[in-house]
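Every chain is numbered from 1 and lettered A, B, ... according to where its sequence line falls, protein lines coming before strand lines. Computed from heavy atoms alone, side chains included, the values below leave out hydrogens, waters and symmetry copies.
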Amino acid sequence: MARYNPKETEPRWRKAWADAEAFKAVRDPGRPKYYVLEMFPYPSGRLHMGHVRNYSMGDVIARFKRARGFSVLHPMGWDAFGLPAENAAIERGVDPKAWTYDNIDRMRAELKELGLSIDWSREFATCDVAYYGKQQAWFLDLLERGLVYRKESVVNWDPVDQTVLANEQVVDGRGWRSGAVVEKRKLNQWAMRITGYADQLTDDLATLDRWPDKVRVMQENWIGRSKGLRFRFHFAGEGPAEGLEVYTTRPDTLFGASFVGIAADHPLAEAVAARDPRAAAFIEACRKGAATEAEIETAEKQGYDTGLKVKHPFDPSWDLPVWIANFILMDYGTGAIFACPAHDQRDLDFVHKYGLPVRPVVLPPGEDPATFAVGDEAWTGPGVIYNSRFLDGLDIEAAKAEAIRRIEAQGDGEGATVFRLRDWGVSRQRAWGCPIPVVHCGKDGVVPLPKSALPVAHPADIEFGKSGNALERHPTWKHTTCPVCGGPATRETDTLDTFVDSSWYFARFANPWADEPIGKEDADYWLPVDQYIGGIEHAVLHLLYARFVTKALADDGQLSVREPFAGLFTQGMVTHETYRRQNGEWVEPKDVELEVEGKTRRARLEGTGEPLIIGDVEKMSKSRRNTVAPEEIFDVYGVDAARLFVLSDSPAERDVQWTTGGVQGAWRFVNRVWDEFETSQPPIPGTEKTVTGDLAGNLRRQHHKLVKAVTEAIEGFRFNSAIAYLYSFLTVLKTHRPEGRVGELAFAYQDALRDFARLIAPFTPHLAEECWARIGGEGMVVAAPWPVFDPALTEDAVKVLPVQVNGKRRGEITAPAGAEQAAVEAILRADPEIGAKLEGLTIRKIIVVKDRIVNIVAA
RNA sequence: GCCGCCGUAGCUCAGUGGUAGAGCGCAUCCUUGGUAAGGCUGAGGUCGGCAGUUCAAUCCUGCCCGGCGGCACCA
């Protein structure tokens with residue numbers, strides 16, 4: 001018998017699938033559609049194990065759904081714009097475009113080696129002019145609708161690299177590349193009005209019932225909707241005539257007010273600073289102190305009394321002081337608050353420092369109003385309002401409503417909803433991105449280009465390799481004419497955030513050849529994505545942006561769906577043990593020799609034998625050097641074994657630990673499966689009734705149970721369980737091998753093999769084809785329907801019932817399936833072993849759980 | 001601090017209100033023309049702790065302990 005040879009079989013089947021165009025997505029009105037999509041990769045040039053796992057999961061679903069009769073769309077593309085290409089250009093003097101397309105070629109070849117059931121005819125990269133030109137088209141549509149606008153905003157500016165940096169590119173206040181101290185700069189930036197959809201984005205989360213709760217909670221927190229009251233304080237004496245507007249979620253506690261606070265960069269604070277040097281100094285100190293996020297969070301509460309006073313909205317004779325405070329954020333609400341220290345911890349900390357009054361107005365349940373006092377902890381729980389005149393006796397919600405009603409009646413404000421979410425700044429001062437299709441004209445200002453001028457492509461001779469924006473530096477590209485007046489104008493040299501590129505690609509896949517950005521008819525057929533698969537790190541970035549863009553394009557009539565992803569699955573990462581030398585240097589797994597002695601494991605450096613420290617299990621990463629290259633694994637064990645292992649060892653949503661032993665176990669399974677098929681002999685027709693026996697019936701029952709279990713496990717994303725069932729069924733096959741080619745068992749065995757080949761196909765597709773061909777299956781497995789099970793055959797005719805006496809297992813009996821109480825009791829009485837156990841005991845009660853267990857309660 | 005997830009064999013994980021399981025690892029033996037291999041058998045578990053509900057709890061409920069993740073001066 002020959003060993004299974006993946007190097008020969010795997011490429012052969014991939015070619016057969018490609019020749020048959022087995023994965024071409026076709027609109028078929030006769031079948032239900034299913035769109036399965038994995039988050040498309042950044043073309044770094046190299047496939048890693050995380051890709052193997054992610055795309056294998058999508059492939060299992062795609063192959064399974066195809067076999068179940070769905071018309072499946074399973075496409076692939078490239079998230080190809082972005083900084084790594086420009087950095088490679090700067091570091092190595094290569095052209096970002098050439099670098100990116102080379103990487104795509106390499107990664108496409110590697111992905112194809114994985115044997116994924118992808119319709120490659122739909123492939124595109126976001127850096128294709130054919131793609132980003134369409135993006136420019138809908139950008140103009142949203143601009144026209146007012147969903148894109150320019151705004152002055154504060155950004156992180158790297159003075160050495162001459163570019164804006166994203167927040168995550170600022171490390172300890174310095175640019176991650178240049179090391180220069182990052183400056184805050186106000187720049188005119190393009191932004192998308194995602195806040196206009198904040199309510200819908202929150203409300204519609206409730207419709208996403210096939211999303212993980214975790215992601216929905218994260219989005220809800222990120223959008224941060226809060227309902228409250230926006231109102232105006234009137235100044236007592238000196239102060240601006242328009243008053244001071246504040247926002248609060250606790251209007252019920254207005255009678256507990258102690259002071260009014262404003263942010264250091266509030267306009268009023270600046271006005272005060274203009275005539276009060278000490279106020280100016282305080283504001284300056286606040287700005288300096290707030291260098292990093294961590295410092296802001298831990299900073300001590302500080303304030304400065306402006307000397308201004310405002311009147312309490314419900315009592316004009318009650319004055320409240322106005323303080324500038326370092327813990328108030330200018331960009332949330334109105335940048336000003338009223339402070340109720342008894343029921344807000346921040347306010348309490350503040351007044352303790354500055355000796356301002358604390359007036360409790362919410363009485364916690366069970367407390368006495370005469371004695372209740374607030375110490376170091378503010379009371380933020382439920383209670384009854386007191387010390388609050390007309391609000392006394394109300395609960396918190398009723399008091400909020402009443403306070404809002406009164407303020408509205410006075411004309412001082414109204415109930416308001418405020419969001420934490422900010423508009424999405426999409427300008428990037430980088431050349432390797434989608435150019436923004438507008439020009440700046442000295443006469444007409446900012447002018448959108450007409451669609452006939454699209455696409456606005458990059459110049460061919462773009463000069464990278466220096467810091468800053470290469471589009472800005474290009475000698476001729478930006479000089480053009482104004483579409484309105486025909487006079488000289490300059491092109492916008494900012495490009496779009498790459499998250500814009502990825503916020504609609506799933507819709508483009510429906511028809512990547514369409515003249516319009518989205519081929520409506522095809523999009524209406526394929527969307528929404530039925531199953532989206534990707535990492536949880538995009539919970540509030542890509543997944544939120546894509547939802548927003550979908551809604552915006554739907555409102556523009558370009559899409560019919562209002563949510564892009566009906567089902568979301570967030571997969572775990574691939575991890576590996578880490579190894580370090582005594583000097584702390586990380587060592588790659590392939591240079592490590594492991595030895596096991598009893599229960600302890602030791603690691604040595606291959607070659608020198610130097611003892612190594614075995615470290616934590618962590619996500620595979622270059623920095624820890626704990627990566628295993630997929631191609632090396634494919635080379636030794638084949639693609640199927642690698643696919644099988646990354647799906648088998650952990651639940652799909654959790655991390656999987658890569659181990660050599662694990663992949664070897666998968667490889668052994670592949671070989672044992674092949675052995676089973678290769679040594680099998682087809683039964684001789686017409687001989688089924690010649691020999692019968694228990695084995696055949698038993699095999700059929702186990703076989704049908706397997707079909708049921710694997711089907712349900714795949715439906716529920718429990719790939720590891722599905723594989724575990726397949727593993728154990730192999731043992732069943734081995735113990736039910738027929739002796740010859742005649743008799744009932746030979747037929748039952750053949751039937752089991754036929755279904756087994758189809759059940760393993762989503763996981764090990766090449767092996768499945770090879771096995772299928774070996775037993776003379778018709779056509780290819782990719783075109784074969786999914787096995788069905790006979791529910792009657794998934795039940796055993798005879799059940800083994802454990803017998804408990806007072807809850808402890810004391811023996812077992814066999815009973816026909818479905819045996820009722822009386823029948824089981826009869827069997828019990830006839831059983832001598834059970835009788836012995838009951839010697840000297842009085843039976844009080846016999847509990848029979850049908851087909852499961854018997855419990856005798858005795859004393 | 002708030003929210004969520006997790007805790008079952010040495011490791012990675014299934015599982016169920018009713019007999020505790022798989023793969024890897026470990027041990028014994030067999031095979032030595034599948035051989036940088038294959039096979040048989042086996043050991044190994046107070047199912048994180050305590051209490052409650054129940055005839056019966058690893059599973060349900062409560063509290064506690066430990067690990068991981070997200071959010072966090074958002075008024």
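Around the NZ atom of A:Lys353, the shell of radius 6.0 Å holds more than 12 heavy atoms that belong to other residues, nucleotides or ligands.
Only the C1' atoms considered, B:C24 is 33 Å distant from B:C60, to the nearest whole Å. Of the P atoms belonging to B:C6 and B:C13, the separation is 13 Å, rounded to the nearest Å. Between B:G66 and B:G48, the distance separating the two C1' atoms is 7 Å to the nearest Å. For the C1' atoms, the distance from B:C26 to B:U12 is 16 Å, rounded to whole Å. When the P atom is used for both B:G33 and B:A43, the distance is 32 Å, rounded to whole Å. Atom name P, nucleotides B:C59 and B:G52: the rounded distance is 14 Å, in whole Å. Spacing between B:U58 and B:G17 at atom P, rounded to whole Å, works out to 13 Å. Atom name C1', nucleotides B:A27 and B:G10: the rounded distance is 13 Å, in whole Å.
Across every non-hydrogen atom of A:Thr334 and A:Met330, the tightest pair is O-CE, 3.8 Å. Residues A:Val52 and A:Ser56 come closest through the heavy atom pair O-OG, 2.5 Å.
Taking atom CZ of residue A:Phe719 and atom P of nucleotide B:C13, one finds them 17 Å apart after rounding to whole Å. For the pair A:Phe645 CZ and B:A22 C1', the computed distance is 14 Å after rounding to whole Å. Going from atom CE of A:Met573 over to atom P of B:U12 covers 15 Å, rounded to whole Å. Here B:A75 presents its C1' atom at 9 Å from CG of A:Leu329, a figure rounded to the nearest Å. Computed from coordinates, the A:His576 NE2 to B:U12 P distance equals 14 Å when rounded to whole Å. As a whole-Å value, the separation of A:Glu577 CD from B:C11 P is 12 Å. Residue A:Glu676 contributes atom CD, which lies 15 Å from atom C1' of B:G34 at whole-angstrom precision. Rounded to whole angstrom, the span from the OH atom of A:Tyr725 across to the C1' atom of B:C13 amounts to 13 Å.
The phosphate of B:A75 (OP1 or OP2) has no side-chain N or O of A:Tyr247 nearer than 4.0 angstrom. At B:C13, none of the side-chain N or O atoms of A:Arg718 fall inside 4.0 Å of OP1 or OP2 (strictly under the cut-off). For B:C24, the OP1/OP2 oxygens have a side-chain nitrogen or oxygen of A:Arg668 closer than 4.0 Å. At B:G38, none of the side-chain N or O atoms of A:Arg672 fall inside 4.0 Å of OP1 or OP2 (strictly under the cut-off).
Ionic pairing of A:Asp213 and A:Arg216 is present here: one or more N-O contacts between side-chain nitrogen and carboxylate oxygen are shorter than 4.0 angstrom. Contact check on A:Asp675 versus A:Arg737 returns a salt bridge, with a Lys/Arg side-chain nitrogen under 4.0 Å from an Asp/Glu carboxylate oxygen. Between A:Arg225 and A:Asp199 there is a salt bridge, since at least one side-chain N of the basic residue sits less than 4.0 Å from a carboxylate O of the acidic one.
Syn is the classification of B:G34, since its glycosidic angle stays within 90° of 0.
Cation-pi geometry between A:Lys301 and A:Phe350 is not met at under 6.0 angstrom from the ring centre and within 45 degrees of the axis.
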Checklist entry - Should A:Leu244 and A:Arg232 be marked as a side chain to side chain contact (heavy atoms under 4.5 Å, CB included) after you check the CA-CA gap, both sets of side-chain angles, and the distance that decides it? => result CA-CA 5 Å; A:Leu244 177 60; A:Arg232 198 172 300 277; over 6 Å; no
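Between the side chain of A:Asp423 and the backbone N or O of A:Ile194 there is at least one donor-acceptor pair closer than 3.5 Å. When atom types are taken as modelled, the side chain of A:Glu676 and the backbone of A:Leu730 share no donor-acceptor pair closer than 3.5 angstrom.
Side-chain proximity of A:Ile328 to the nucleotides B:A75, B:C73, B:G34 is greatest for B:A75. The side chain of A:Ser721 approaches B:A14 more closely than any other nucleotide in the set B:C73, B:A72, B:A14. Listed nucleotides B:C13, B:A75, B:G15 differ in distance to A:Tyr332; the shortest reach to its side chain belongs to B:A75. Side-chain atoms of A:Asn855 lie closest to B:G18 of the nucleotides B:G34, B:G18, B:C73.
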Could you pull out the protein-nucleic contacts involving nucleotides 67-70 of chain B (nitrogen or oxygen on both sides, under 3.5 Å)?
from, atom 1, to, atom 2, distance (Å)
B:G69, O2', A:Lys214, NZ, 3.2

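Using a 30° and 60° split on the angle between ring planes, A:Phe255 and A:His312 fall in the parallel class, below 30°.
Nearest-nucleotide positions on RNA chain B place A:Trp222 closer to the 5' end than the other of A:Gly335 and A:Trp222. Of the residues near RNA chain B, A:Met330 and A:Gln657, the one whose nearest nucleotide (by heavy atom distance) lies more toward the 5' end is A:Gln657.
Both key distances under 3.5 Å define a Watson-Crick or G-U pair, and stretches of 3 or more such consecutive pairs in RNA chain B run B:1-7 with B:65-71, B:10-13 with B:21-24, B:48-52 with B:60-64.
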